[in-house]
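In what follows, chains are A, B, ... by sequence order, proteins preceding strands, each numbered from 1. Just so you know, these numbers use all the heavy atoms, side chains as well, and skip hydrogens, waters and symmetry mates.
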Amino acid sequence: MRWTSFFSPTLRDAPADAEAISHQLLVRGGFIRQLHSGHYTLLPLAFRVRKKIIQIVEDEMDAIGGQEVQMPTLQPSSIWKESGRWESMGEIMFRLEDRHGSEAALGVTAEEIFATVANEISSYKQLPQMWYQIHTKYRDEARPKSGLLRVREFTMKDAYSFDVDESGLDEAFEKQHQAYIKIFERLDLDVVPVEASSGNMGGSDSIEFMVRAESGEDDVLICGKCGYAANIEKAVSELSDIVDESGPEVVEKFSTPEIRTIAALAEIGYPSETQIKTMVYMIDGQVTLVLVRGDHMINEQKLADATQAVNLRPASKNETMENLGAFPGSLGAVGVADLPVLADHALNGRTNMTTGANEDDYHLSGVNIERDINVSEWLDLREVQAGEACVSCGGELDLVSTIESGHIFKLGSKYAEVFGAKVLDENGVNKPLVMGSYGIGIERAMATIVETHHDDKGIVWPVSVAPFHVVITVVQVKDDESMRIAEEIYGSLTGTGIEVLLDDRDARPGVKFADAELIGVPVRVTIGPKGIADGVVEVTPRKDGETNLVAIDDVVAHVTDLVR
RNA sequence: CGGGACGUGGCGCAGCUCGGUAGCGCACCUGCUUUGGGAGCAGGGGGUCGAGAGUUCAAAUCUCUCCGUCCCGACCA
């Protein structure tokens, strides 16, 4: 490709509203342009990168027996209603009606559709199966952000496995896990697999593949000692024991005017770890009390996971008043008999604690949880804080911000049961298929690579996904000898399958160097009269920027070496 | 959805307080000179100032409504 006929509108300044580094560089480098919030045009450079990422993903999926298919992105509401996700997906799903008034949705994921197709599998002899597609997904994100990192329309590789039993699923899951490791290695992304929440996917287990990055929006806790790693939505930690004094026989009510917060109560002599924090949630329409230790934070995803909630939100002040007779600041669960009370494990067995009295401006002390509170369920609801101890080795947990680059799920039989996808096993028993699902966001992977591969001059693509392997920078396009040699090298490299961008623009060298660096081509070959006089050209790897003089006759071999 | 910021040629910005019909840098076109790290000079093209309504002789500027974009939070496979 010749630069004079290549469309790559580079910019000297990044758009003012681009914050994330990948967003800035991809726009400046002429890779992408925004159409509207969460929707981006991929220009030729980005499209080339996307193709390479897809190729790598396809390779690794095919290597573990994946079969590529394609499902429609416009999907009837009926199959989503069958699985219950027409409701539970909520606002993330773009919905529309056709001219006949039939409801449909744009695909956010495809478990349902794949399960309906899997209906045609009827014998264990046809298993296992692993199918995947690389196709557009639509998600009406509450807040698209950071360029390609969180968008409403994107390409996703979604794979689905079908097995006759759990051990088959375990195998498929492990294969995907290993394939993901290889994919991210080839993308030069340093991933940390972590235990994750399965959200509304359901199923037993899930692993997220996280890349450390400042612009990441997922928090992960990692143990530096044993390697334990989990999403904050799932992470657990070891707390040091607290020994309470036994306290009085009965709770004592005391007046606390103006005291509405844990901190304020702590100031007058009731340390926060001896308080019970009481929150009121609406969980699928049911007013529910949720208790954690005063110095702990609740993690709402944990609450949602533990309760299997479809709709979960904090109760309004009015709802709280109606149900408990007090406003937030004086709430407690003592004596509450008619509402579910969910408590975090860290409160188990505690005595002599302090909590709100459900009467504005009053608190209770001497609360013995077992004696005084009617706990319906003990759950893990607490959000782990940085610095707490690892449950498996006692090491210190680090809190790291990461980008979620992949997520794999053990789904079990939930979807197969709904859609009647059953097979006969070797004993002639009809059993639902056991499914797994496995996703990677293609454009997010592209942006994540930029987040982790750049310097002050621009992007530094790994060879595996670079839009071009080599850029030939002709310093003096009007010098016939320079152009002749450039064309010759261009022809030879291209002939061996190396992708070359020939910068034949009549621009000053500084401009051409800056552009080549900005778009991140791994190797630059610089051809100018100075070198030609000595029979050499310059070869500069983007990564270290160190220029080597190479004899013209050796360039092809030298460059081939660098990009293979 | 709550909070904040912003919207003026492709990009970055000034002008708005105090109304008089739009300007700067980069990019683009032409010519000349230049040519190893974002050239210089000269000439030129391109903007319903986010949209609508209002006030006014006159609105980028004042008023109202709406729309859009970004950031923080909420939320989120």
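Taken residue by residue, residues 78-95 of chain A places heavy atoms nearer than 4.0 Å to RNA chain B at A:M89, A:I92. For residues 447-459 of chain A, proximity to RNA chain B is found at no residue, defined as any non-hydrogen atom under 4.0 angstrom from a strand atom. Contacts of residues 32-49 of chain A with RNA chain B (heavy atom under 4.0 Å): A:Q34, A:H36, A:S37. Listed by residue number, the members of residues 466-477 of chain A with any heavy atom below 4.0 angstrom from RNA chain B are A:V475, A:Q476. Within residues 500-515 of chain A, the residues having any heavy atom under 4.0 Å from RNA chain B are, by residue number, A:R508, A:P509, A:G510, A:V511, A:F513, A:A514, A:D515.
By the side chain to side chain contact (heavy atoms under 4.5 Å, CB included) test, A:L549 pairs with A:V536, A:E538, sequence neighbours left out. Every residue meeting the ring-ring contact (aromatic ring centres under 6.0 Å, His included) condition with A:F468, not counting sequence neighbours, appears here in chain and number order: A:F6. In this structure A:E112 satisfies the salt bridge (charged side-chain N to carboxylate O under 4.0 Å, His left out) test together with A:R85, sequence neighbours excluded. Taking the side chain to side chain contact (heavy atoms under 4.5 Å, CB included) definition, one finds that A:I92 meets it with A:M89, A:R139, A:E141, sequence neighbours left out.
Comparing A:I532 and A:M156 against RNA chain B, the residue whose closest nucleotide sits nearer the 5' end is A:I532.
In terms of heavy atoms, A:V434 sits closest to A:S413 at CG2-OG, 3.8 Å.
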So which protein nitrogen or oxygen atoms get under 3.5 Å of nucleotides 71-74 of chain B's nitrogens or oxygens?
residue	atom	partner	partner atom	Å
B:C71	OP1	A:S146	N	3.4
B:C72	OP2	A:R143	NH1	3.2
B:C72	OP2	A:R143	NH2	2.7

Just the atom pairs and distances: protein N or O near nucleotides 47-52 of chain B's N or O, under 3.5 Å.
none

Contact state string [nucleotides 40-46 of chain B, B base, S sugar-phosphate only, - no protein heavy atom under 4.0 Å]: -------
